[in-house]
Structures are given as C-alpha cells and as structure tokens.
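Here's the structure we're looking at; comments come further down.
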2 protein chains.
Amino acid sequence: MRFPWQQKQIVPTETSHNLTEELTRQGYRMTPQRMMIVDAIEHTENHISAEDIFRQVVAKYPNVNVSTVYRTLELLEKLGLVTKTEMGVGHIVYHPLEKGHHHHLICRECGNVVDLDESVLAPLKESLQQNYQFTADLRHLGIMGLCAECKQKSQNKTANG
Amino acid sequence: MRFPWQQKQIVPTETSHNLTEELTRQGYRMTPQRMMIVDAIEHTENHISAEDIFRQVVAKYPNVNVSTVYRTLELLEKLGLVTKTEMGVGHIVYHPLEKGHHHHLICRECGNVVDLDESVLAPLKESLQQNYQFTADLRHLGIMGLCAECKQKSQNKTANG
DNA sequence: GTAAATATTGCGACTAATTCCAACTGCAAC
DNA sequence: GTTGCAGTTGGAATTAGTCGCAATATTTAC
C-alpha cells in the first residue's frame, strides 16, 4: 500500500522546487504534511486561503490538523517564501512570493479583485520615509473601494431613487 | 434602586451628543446598552477595540452580550458615525468620525502608532483613480512597517551579529 | 388601558484562527 | 540496536467574531 503522500502527484514538482528546496536548505524537514501544503500553495493560480489549503490536504490525508496548516504558513511567511494578504477585513489569503508580489484592489460591491503593480505604491513609500521616517511594509496590501462599474451603478441608483 | 444605566455618568454627555442625536434622529432607539457603548467609544482618547468596549460595558451592566456590541458597532459604521481600522492583521479598532479620520503608521517592532494625515494618501488615491478607474476607500488604513528607531536598532543588530 | 407590529437583545451554536501540550519522527551519538 | 534530542504533529482548549432565533422592550393603533 502507498500512503497518499507517496503518490506521484504530491511529489514536489518543477514549480514547488523553490519552496521545498528553501525549506530543506534552511534545515527544516519536508514532511508529508508540508509537501501537501506547499503543493496546494504552488498549484493555485494566484492566492489561496488557509481553509482552502486545509480542504485540499485533508482530501488526500484526512488525519492532518488545521494547526499544521497554519504553522506551516507561518513558517513559510517567516522565511519570506509566501505573502499573507488581507483581502478585506477578516479574509486572509496567501500566495508564493516567487510569483512576484503585488497588491490588490478589491471592489466592496462586486468583490472583484484587480492586481496592482508594486510601482504604484512606490511614491507613497517614499513619502512616508521622507516625512515620517517610517519604513512602510507595503508587500501585502489589499485596498478596498469601488470599481468603475459599481461606482457607475451606485451613482445611477442615487440619481433615480 | 437605580439600574446602572440610569446613573448620571452614562447619560449622554456633550461629546456623545453627536452619535446619540444622530441615532435617534434616524429613527433608532437609544437603549441603555447603546448608551453605554457609545459612551465608551466617545470617552476614548483615540481608538478602542470591540473587546475593550465590551469590558467597559460589562462592568456597568453584566448581562450585556458581546453580539450587542458588535451589532451596535456595525450600525454606527453603516451610518458613517464611527470608523473601523485594521491595526495589523486581526486587530480591529474603532473611533468616532467626529474626531477626524486619519491613518496610522504601526511599527511592527515596538507597536508604536503614529497618526498620519489624510493628505499623504491623496496622491495614491488620485493615481488609482486615474490609472485603474478604482475609487479607493482609504478612510481606514493601518500601515505596518518599522519606525526610525527600530529600524536603526535592527540594522545595528545585523551589523554586530 | 390592550393588542399587534417592529426594533432590539440575549443566548447558544458556529467559524476561523491561535495556543498549549503530550506524543511522534528522524537523525546523530553511542 | 537504543538513547537522546530537536523538530514536528495532532488534538483539545481558547479567542474574536458572526449568525439565527426566541424572548423582551418599545411604539403604534385601537
């Protein structure tokens, strides 16, 4: 019998190479649980919640515990391998740093998320440094607001009603 | 016998006039619970957490329920009377809008909070509107980072160790 | 006054996330 | 092999916050 983590699909793939290698290189163990968690993170299009990771891992190995997922995410974040982003109050998602870190514009009406290039926040970071001697950590930012479409709609509503 | 909410100190004061008046003006009831909650919000120097509000209210009236605090805060926020700010992931605080809305620079080392004038974020808001047609809601923003002092310290540590 | 309608509250169940601790794993030293 | 130990895990308990619902309070209509 093969245990789930011994199956082909959860052996580290090309894309998971970075996270796995970095973990082992720094003296951490690549346990089956961590393999499955890393795999889930790296096979997501963009970002993924802790809950979703847990769901995926549990499907392969039902005994895994949520706290293991959170601990692994905490470790990966500490090592600078994944980014934690707050997408609106209370909704936290993760994504691997190798895919580049950017920000998110989240529409509070339709929930749509638009990625924002890091450079847009550079002037703000500069200004905070200059005027407040504060080194802002702007790697994980979710900015709430209204997209053009929803703003249009809400203006129509006000005008008509 | 007088119930706690009938005591002088929780009758709406000068500063709580706005919130109380606005609530009643819009057809909401000023219940003893709401009086105590509003009172806590308005007698704080700057901002206050839901938990702290609950602690204060419970001290006067032990039967009050947490959910009442959260519901009242939700209502006040909906009416635009208080602002909800995320001070670092997972730590949410509230403050009355009448005291002016500003932003916060939160040092992740020492935890110090520096208030930031709204105008500093105006260029960013402008740029998001221009380049992304996105109307950013930047009223409640807590920016994490390192203050000058802690940055100095961390650089020394790296240099010596 | 009472009755009906509505607003608000308390309670208990639930979720996401964290923390503590005892048990387990892998590895090096003997 | 087995001992010791740091790293890691599972499970149970805890925390902040949310939700549905029945009970209560207030307002309005009579």
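Proteins get letters first, then strands, A, B, ... in listed order; numbering begins at 1 in each.
Rounding to whole angstrom units, CD1 of residue B:Ile53 and C1' of D:dA16 are separated by 14 Å. A straight line from CE of B:Met36 to C1' of C:dT9 spans 12 Å, rounded to a whole angstrom. Per the geometry, CG belonging to B:Leu75 stands 11 Å off C1' belonging to C:dT8, to the nearest Å. If you take CG of B:Leu79 and P of C:dA7, they are 14 Å apart, rounded to a whole angstrom. Regarding A:Lys78, its NZ atom lies at a distance of 13 Å from the C1' atom of D:dT8, rounded to whole Å. For the pair B:Leu23 CG and C:dA7 C1', the interatomic distance rounds to 13 Å; values are reported in whole Å. Atom CE in B:Met30 sits about 10 Å away from atom P in C:dT9, given to the nearest Å. At whole-Å resolution of the value, CE in B:Met35 and P in C:dT8 are 13 Å apart.
Criterion: ILVMFWY side-chain heavy atoms under 4.5 Å apart, direct or through other members. Under it, A:Leu121 and B:Leu121 are part of a common hydrophobic cluster. Put simply, B:Leu76 and B:Tyr28 are part of the same group of oily side chains (I, L, V, M, F, W, Y) that touch within less than 4.5 Å, one to the next. There is a path of hydrophobic side-chain contacts, each under 4.5 Å, that joins B:Tyr70 to B:Ile41.
Side-chain atoms of A:His104 and A:Asp115 include a donor-acceptor pair closer than 3.5 Å.
Partners of B:Glu126 by side-chain hydrogen bond (donor to acceptor under 3.5 Å, both in side chains), not counting sequence neighbours: none found.
Side-chain atoms of B:Met36 and B:Val64, non-hydrogen and from C-beta on, never get closer than 4.5 Å to each other.
The phosphate of D:dG7 (OP1 or OP2) has no side-chain N or O of A:Arg34 nearer than 4.0 angstrom.
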Q: Treat primed atoms plus P, OP1 and OP2 as sugar-phosphate and everything else as base, then score nucleotides 17-27 of chain D 5' to 3': B for base contact with protein heavy atoms under 4.0 Å, S for sugar-phosphate contact only, - for none.
A: SBBB-----B-
